[in-house]
Amino acid sequence: MTNNPTTEVLSKPLEDPLAYLPHSTVCDYSKNRTVYDQDQPSTSLYLVIEGKVKVCRLARSGNQVVMDIYQTDEFFGESALLGLSQCRTEMAIAMENTKLMAWTTGQIDDIVARRPLLAVGLLQLLVQRSEFFGQRIESFSVDNIPRRLVRALLRFSERMGSAHEDGSVEMTAFTHELLAQYVGSTREIVTQYMNQFRRQGYLLYSRKGIILRPEMLREMLKPESLAA
């Protein structure tokens with residue numbers, strides 16, 4: 001039986017690319033500043049030192065679809081390493097005052113020649129991202145809007161939230177517009193469901209942050225819940 005290449009890559013001990021990348025110049029990006037876009041496509045791999053960055057793709061309609069949000073010690077811009085034509089529809093925007101490091105694809109090639117384990121770490125990163133995006137594509141195919149919104153809130157709370165003793169999780173406030181861009185809906189529809197979740201006691205939100213009840217939200221993802 002032929003082994004699955006994805007399984008083989010992920011079965012190896014995870015390599016941290018940071019352990020093999022040299023220090024690079026730190027660049028400051030003010031809130032809402034574009035890191036790269038379709039007019040100036042990325043030719044580098046980026047690391048968030050401080051702040052948050054959203055990576056988007058332009059749909060055929062011209063609307064932004066948020067692929068993911070990256071925070072401190074997370075990489076983005078990996079599509080540049082693959083030379084994908086899709087990266088010309090990709091853009092990265094600082095969500096707050098942000099500090100980034102960057103390594104060009106040429107620099108990455110040179111470092112990999114001297115430190116081959118960097119290639120393993122980056123390949124593992126790409127496989128993990130591909131699996132996650134595959135799950136999102138499946139969710140877009142089978143989930144209705146409230147289910148997608150619940151999955152988004154749980155993902156962001158797991159990555160960016162702080163747990164409280166009562167089991168709730170507090171995280172950064174995300175605008176309803178951004179959540180809509182993430183789940184493929186409109187701000188008005190997201191606001192409708194966020195208000196519904198708040199009335200049901202699943203979450204509280206304000207401009208300062210969002211407090212979730214993750215166990216209650218996970219219940220909502222059971223087959224009998226959130227019927228289409």
Side-chain angles (χ1 to χ4, degrees), residues 3-29 31 33-36 41-57 66-84 86-87 90-139 151-163 169-172 174 182 214:
N3 290 330
N4 186 324
T6 297
T7 303
E8 289 184 0
V9 170
L10 292 180
S11 67
K12 298 179 182 295
L14 291 179
E15 297 288 347
D16 183 3
L18 282 176
Y20 306 102
L21 284 168
H23 189 278
S24 180
T25 302
V26 176
C27 296
D28 294 315
Y29 290 82
K31 182 178 179 179
R33 181 181 168 189
T34 298
V35 180
Y36 58 81
S42 173
T43 58
S44 300
L45 177 70
Y46 293 86
L47 174 70
V48 182
I49 303 300
E50 181 182 307
K52 291 183 179 66
V53 172
K54 68 174 181 179
V55 173
C56 312
R57 291 279 176 86
V66 175
M67 304 299 293
D68 212 345
I69 296 170
Y70 300 100
Q71 60 181 344
T72 302
D73 290 338
E74 292 184 338
F75 291 97
F76 69 94
E78 67 276 4
S79 57
L81 301 177
L82 302 176
L84 296 176
Q86 294 98 314
C87 68
E90 187 174 282
M91 63 179 66
I93 301 169
M95 296 178 60
E96 56 193 46
N97 293 338
T98 298
K99 297 180 184 295
L100 303 176
M101 280 188 187
W103 297 266
T104 67
T105 54
Q107 289 174 320
I108 294 293
D109 288 342
D110 291 341
I111 298 167
V112 165
R114 293 180 278 109
R115 301 177 178 178
L117 286 179
L118 172 59
V120 176
L122 292 176
L123 183 58
Q124 290 171 331
L125 174 67
L126 291 171
V127 169
Q128 290 174 330
R129 296 268 171 94
S130 294
E131 287 197 338
F132 165 66
F133 290 134
Q135 292 168 0
R136 281 199 65 195
I137 291 171
E138 180 180 0
S139 178
R151 293 188 192 281
L153 292 170
L154 287 172
R155 172 172 169 78
F156 293 144
S157 68
E158 289 167 358
R159 293 175 57 222
M160 304 176 187
S162 300
V169 176
E170 184 171 3
M171 68 178 189
T172 302
F174 292 123
Y182 190 86

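Atom set for the values below is all heavy atoms of this structure, side chains included, hydrogens, waters and symmetry mates excluded.
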Next item on the list: Identify the heavy atoms of A102 and S44 that sit nearest to each other, and give their distance.
Entry: CB-CB, 4.2 Å

Next item on the list: Determine the minimum heavy-atom distance between S42 and G77, stating which atoms define it.
Entry: OG-O, 4.3 Å

Check: Roughly how far apart are L81 CG and L123 CG, rounded to 0.5 Å?
Finding: 11.0 Å

Note to self: Using the salt bridge (Lys or Arg N to Asp or Glu O under 4.0 Å) criterion, which residues pair with R33? Sequence neighbours excluded.
What the structure shows: none

Note to self: Do D68 and V55 make a side-chain contact, defined as non-hydrogen atoms from C-beta onward lying under 4.5 Å apart?
What the structure shows: no

Item checked: Straight-line distance of R155 CZ to M171 CE, nearest 0.5 Å -> 12.0 Å

Check: Measuring from L122:CG to L21:CG, what's the distance to the nearest 0.5 Å?
Finding: 6.5 Å

Note to self: Run the ring-ring contact (aromatic ring centres under 6.0 Å, His included) test against F156 and tell me which residues pass, sequence neighbours left out.
What the structure shows: F174, Y182

Next item on the list: Would you please test T172 and M95 for side-chain contact (heavy atoms from CB on, under 4.5 Å) and show each step?
Entry: CA-CA 11 Å; T172 302; M95 296 178 60; over 6 Å; no

Margin query: With rounding to the nearest 0.5 angstrom, report the CD to CZ distance, E15 to R115.
Written below: 13.0 Å

Next item on the list: For A94 and V35, work out which heavy atoms get closest and say how close.
Entry: N-CG2, 4.5 Å

Checklist line | L14 vs Q128 side-chain heavy atoms within contact, under 4.5 Å | finding: yes

Check: Do the side chain of S157 and the main chain of L154 share a donor and acceptor less than 3.5 angstrom apart?
Finding: yes

Item checked: Heavy-atom pair with the smallest gap, counting every atom of V169 and P214 -> CG2-CG, 3.5 Å

Next item on the list: May I ask you to decide if the ring planes of F76 and Y36 are parallel, tilted or perpendicular, using 30° and 60° as cut-offs?
Entry: parallel

Next item on the list: Look only at the side chain of R159 and the backbone of Q71, and say whether a donor-acceptor pair between them is shorter than 3.5 Å.
Entry: no

Notebook entry, point to check: At what distance, to the nearest 0.5 angstrom, does CG of D16 lie from CG of L125?
Noted result: 10.0 Å

Notebook entry, point to check: Is there a side-chain contact (heavy atoms from CB on, under 4.5 Å) between L18 and F75 once you walk through the steps?
Noted result: CA-CA 10 Å; L18 282 176; F75 291 97; 3.8 Å; yes

Check: So how far is it from L100 CG to I49 CD1, rounded to the nearest 0.5 Å?
Finding: 7.5 Å

Checklist line | Donor-acceptor pair, side chain of T98 and main chain of K52, under 3.5 angstrom | finding: yes

Margin query: Determine whether a donor-acceptor pair (N or O, by modelled atom type, separation under 3.5 Å) exists between the side chain of W103 and the backbone of P22.
Written below: yes

Check: Salt bridge between E96 and K31, side-chain N to carboxylate O under 4.0 Å?
Finding: no

Item checked: For M101, the option from L45, V26, T25 that meets side chain to side chain contact (heavy atoms under 4.5 Å, CB included) -> V26

Check: What heavy-atom pair brings T105 and A80 nearest, and what distance separates the two atoms?
Finding: CG2-O, 3.6 Å

Notebook entry, point to check: For the side chain of S130 and the backbone of L126, is there at least one donor-acceptor N/O pair under 3.5 Å apart?
Noted result: yes

Notebook entry, point to check: Which atom names give the shortest non-hydrogen contact between S79 and R57, and what distance separates them?
Noted result: CB-NH2, 4.4 Å

